[in-house]
Amino acid sequence: MAPAVRVLCDLAKQSQENAGVAWLIGVPWMPWTIVSSIRCLRYKDGDPDYAAEEGELRILLPGGLEVIGALLVGSDAAKACAVATKIREVLNLVSSNDIVAATRSSSSDGITFFSQALQPIEQSSFSAKEFWESTALLHCQVELGLSIYTSSGTSSDLKKQLDGKIRDLAESFTSSTTVCIMEGSSRSFLARSQANEELQSVFPDSALFDSSIPHPLAVKLLTQQSKQTDEVIAPVVHYTPSAEGTLLHTATVSLDVLCLVSRNSALHKAMNTITRALTIQLESIGKALSARNTSLQLRPYHFKVPASVHPVTAIFDKNQLERDSVDLRKALHSRLGLPLDRPLFRVANALTIRGPQFISNRIDGKRLLDVHLGLPRCGISGGEVSVIDGSYEYYHYLQDRMDDKGWGCAYRSLQTIMSWFRLQHYTSMKEPSHREIQATLVEIGDKEPSFVGSQEWIGAIELSFVLDKLLGVTSKILSVRSGADLPEKCRELAAHFDTQGTPVMIGGGVLAYTLLGVDYNEFTGESAFLILDPHYTGGEDLKTIRSGGWCGWKKAVSDTGREFFLRNKFYNLLLPQRPQAV
Amino acid sequence: MRTVVGDEALDGAVDSIVAAGRAVALGLLIGRLGSGGRDFVVGLVQTPVKEDGGDAAVLLSSSGNQSRSRSGAGSMALSIDAEWVAEHARQVSRMLLGGLSVVGLYCLAPDSAFKQSTAILCQVSNAVDAATSISAQERFVLQISTSPRRLACKVCTVEPNGSSSLKPCEWKLAKISTNLQSLTCTYSFDASIPVRSAAQADTFKNKLLSWTASEIKVIQSAEVLINNALQEGENYSGDVQLLLPFNNKEVVQGDNPAIVTGNVNFKGSVDARAYGFPREPASMAIDAIKEDIIASLRNRIDILCEEAEQQSAEQAPLSLLSHCSQDRAEFILPRRVLLPWNELLICDYLLPSETDKEIRERYTYLFGQELPGDILQSEKFFTPTPADSKTLKISPKGEAKSKLVSLISALFGILVPILVALAVALFRK
């Protein structure tokens, strides 16, 4: 009786190429469970370049995760098994009988799974929540200082010593004086690598951060400095002068690992997972320092991306400009099957972990964020909801002591849209003031200089000019001759929210709104629009904003027959497009 | 009103001071300053007689004459050599283990004298405060009046505006010394301190002290195990192990790579001890033992430097006060010994050239009594292995001198028999 395989990721999406291998990732305590998949990028003569893949997989995957199989497109299960067995060998994993082989033909999306004995197996459902119920996340950070003395600096001597030091450090992770303290939110636990600590279910239930991953258990790596010895030798000072031309090289290596362990792990096993992960990271960074330059500031960062149920790790050079690391980011996107039009692996997007907590990277200023979250639907039966993807700040009248009542609504909508681009890390530019927006339009020649400081309205066209000039963002403009025609555009708007996910500005007559989503029944034609109204003049109070309808679903035709959009006005819609940038 | 808790045994100690029959007596109070917590006094230490034979504290009558009788009529005031008392306090506080310090002074005098002597008592109290390593801006004054027989405990606080006053405190007795928790810790370290060419002019002392300063931060932030476990219960006596951050090395400023002219290797172990007071959390005793580690290192460096300062340039050309220059050097720091005192332990530091005899003499002088028991030798001196002996150059205090002495005595051993034989031969002739 073949076991069923459980899949936690969208394998079809991630193996979109016509040929190639995708590694199937899982954890040893949950056999037959595919937690995520990583596309193979390095090939040699048609087969995966195992040596190159090994190096990159070791860094990318948090500790505790293993390659448990392979998905081959356009090939057979036997080949998939062989490939998976080989990579496991290269990665020094214990030989397993539970390898999952999967195949997909290049023409269809359907994936078939096979056991190692090449028997086909079924797929059953599994949720991320169930996964995290039996898995805990550990986080450990270590700063290592290296001091190397060289005489009349020959660089090969430096390299040799550096390699030696790295080896010694890696060994000392498992020495008998190395100790771990694991901090949960309420208790701390002591673990030693050599000792055989009792099996305990030590990991506390922790709330899921951002509803996707649990908060990690902070692990501190410590050295036992004092011990009971038979002889206590009082301190001595020895001074040794150095030979002429002796140089001292110092380097710091920052290690930062995340590990997945079973909640039923014994403490010392959890510690071993941590020390193994630290050793792997240390060796990778050591190799890079040795090969290139000891003053490189390589730092590991962790990212949580939608494609994977667990975080992934990437090492960036802190001194390198973002544009120079674009190749590394593109490779990461490819490996995880992520689209190339959103910057998911910029350092600014990395997970920030403080102690046993993930810290949200949301910027908490004085404006409210995402005021639409949690609003109930408005009752379009059979309707499909499409809303924006990502965060924004709510800009409206009278904020920042700018009295723009009566004329500033489009400016506010533009500020809301630009805040979306900043919060998604396409730019770090702060939203421009009304004056700065006007100055931009004068600069590009769209308006006369007298425009600056005036109270003149702007529309969707002007907004598209400003977005292009300040952010390099292109926009699509949709026009309708009458407000009554807007519901017809719903299909297009829904597609926009599903693919681009950016906020939309609707301008018509003398009113401008920000549109955050649509609820649309294709067959009945009923529609509702999620409107964020910049005409609000009150304070930053979510309750007031929602109860007053300043952010809410507006039916195109209300139950009393009133139309939300004006019949006799034409409307322009600004649909900003995501720039193709990672 | 502040409450100061004294050990039950103090009653007897005070009685013997009164019974000694002197008009005035002065000494130090040993205990723990609460600074917000509870204050304790566990013992009294008499101030030794001055180098010129005079007492540290005398009674002066209004005419300025010294008075030796207790029943002096009229206004009498105390005259105290504050500097002498402070120096005694400095040396005694060096010998106290973690958790204990010099918390003030006691004074025996006629009651009327106390009324006139507030200012001088404050002055001495502040001098004692300044002499101990951590100034708390307040110390206690225990006034033992002879006529009428009375005990009054006061606290002398230095106000923000600079003035001081004596405020009364409540004095209670309880069993303290036998109820203390004691912690021990063997702290080992092996530090490699590079000497950059830029800092060549630095002295060994400065290098060591700056290393110690950075080590303080590491020790204070270290995690602590007591008897191999993380939890601290009510009863926490035992061995403390410090857990330091893994491979914690200072981030170094300046050129990288830097030119170095030498390397100072500072290694060894220190035996640290501390006392915890009843019904207090283990964290206070843990802080005390961490401070004891640091104080122990600093005191050893200071003692070795004081030793070097007292010698002339010819006798000890190379000391901790020398600059890190071209020559190899080795300095053996004093080792700690533990001595019994009043149901507790105190410590002293032994230079390589000293013996138990010096320890006993110092103890008797500073603490006013014979050593009541054995010396606990908790540490050993570094003995170089045969391979190292080639690199040894100098250890402090004239090993060279003793070599010369032994040479001379060897010669004597040869010469004398020859001379005697000659004399005998001559005599016979």
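Here is how names work: the chains are called A, B, and so on, in the same order as the sequence lines, proteins then strands, and each is numbered from 1.
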Given that the side chain runs from C-beta out, which part of B:R336 has a heavy atom under 4.5 Å from chain A: side chain, backbone, both or neither? neither

Please enumerate all residues that pass salt bridge (Lys or Arg N to Asp or Glu O under 4.0 Å) together with A:R276, with sequence neighbours excluded. none

Where does the angle between the aromatic ring planes of B:F189 and B:W211 fall among parallel (under 30°), tilted (30 to 60°) and perpendicular (over 60°)? tilted

Among the listed options B:A222, B:G262, B:G268, the residue most often paired with chain A at heavy-atom distances under 4.5 Å: B:G262

For the candidates B:V264, B:L333, B:N263, B:L208, which exhibits the highest count of non-hydrogen atom pairs separated by less than 4.5 Å from chain A? B:N263

With sequence neighbours left out, write down each residue that passes side-chain hydrogen bond (donor to acceptor under 3.5 Å, both in side chains) with B:D190, or none if nothing qualifies. B:N265

Intermediate values then yes/no, side chain to side chain contact (heavy atoms under 4.5 Å, CB included), A:H310 and A:T135: CA-CA 11 Å; A:H310 57 77; A:T135 308; over 6 Å; no

Please check: side-chain N/O of B:R335 versus main-chain N/O of B:K380, any donor-acceptor pairing under 3.5 Å? no

Please flag which part of B:S296 lies under 4.5 Å from any non-hydrogen atom of chain A: side chain, backbone, both or neither. neither

Any Lys/Arg nitrogen of B:E379 or B:R273 sitting under 4.0 Å from an Asp/Glu carboxylate oxygen of the other? no

I need the residue from A:S172, A:S242, A:P235 with the largest number of non-hydrogen atom pairs under 4.5 Å to chain B. A:P235

So what's closer than 4.5 Å to chain A heavy atoms on B:F204: side chain, backbone, both or neither? side chain

Please classify the contact between B:I219 and chain A as side chain, backbone, both or neither, with a heavy-atom cut-off of under 4.5 Å. neither

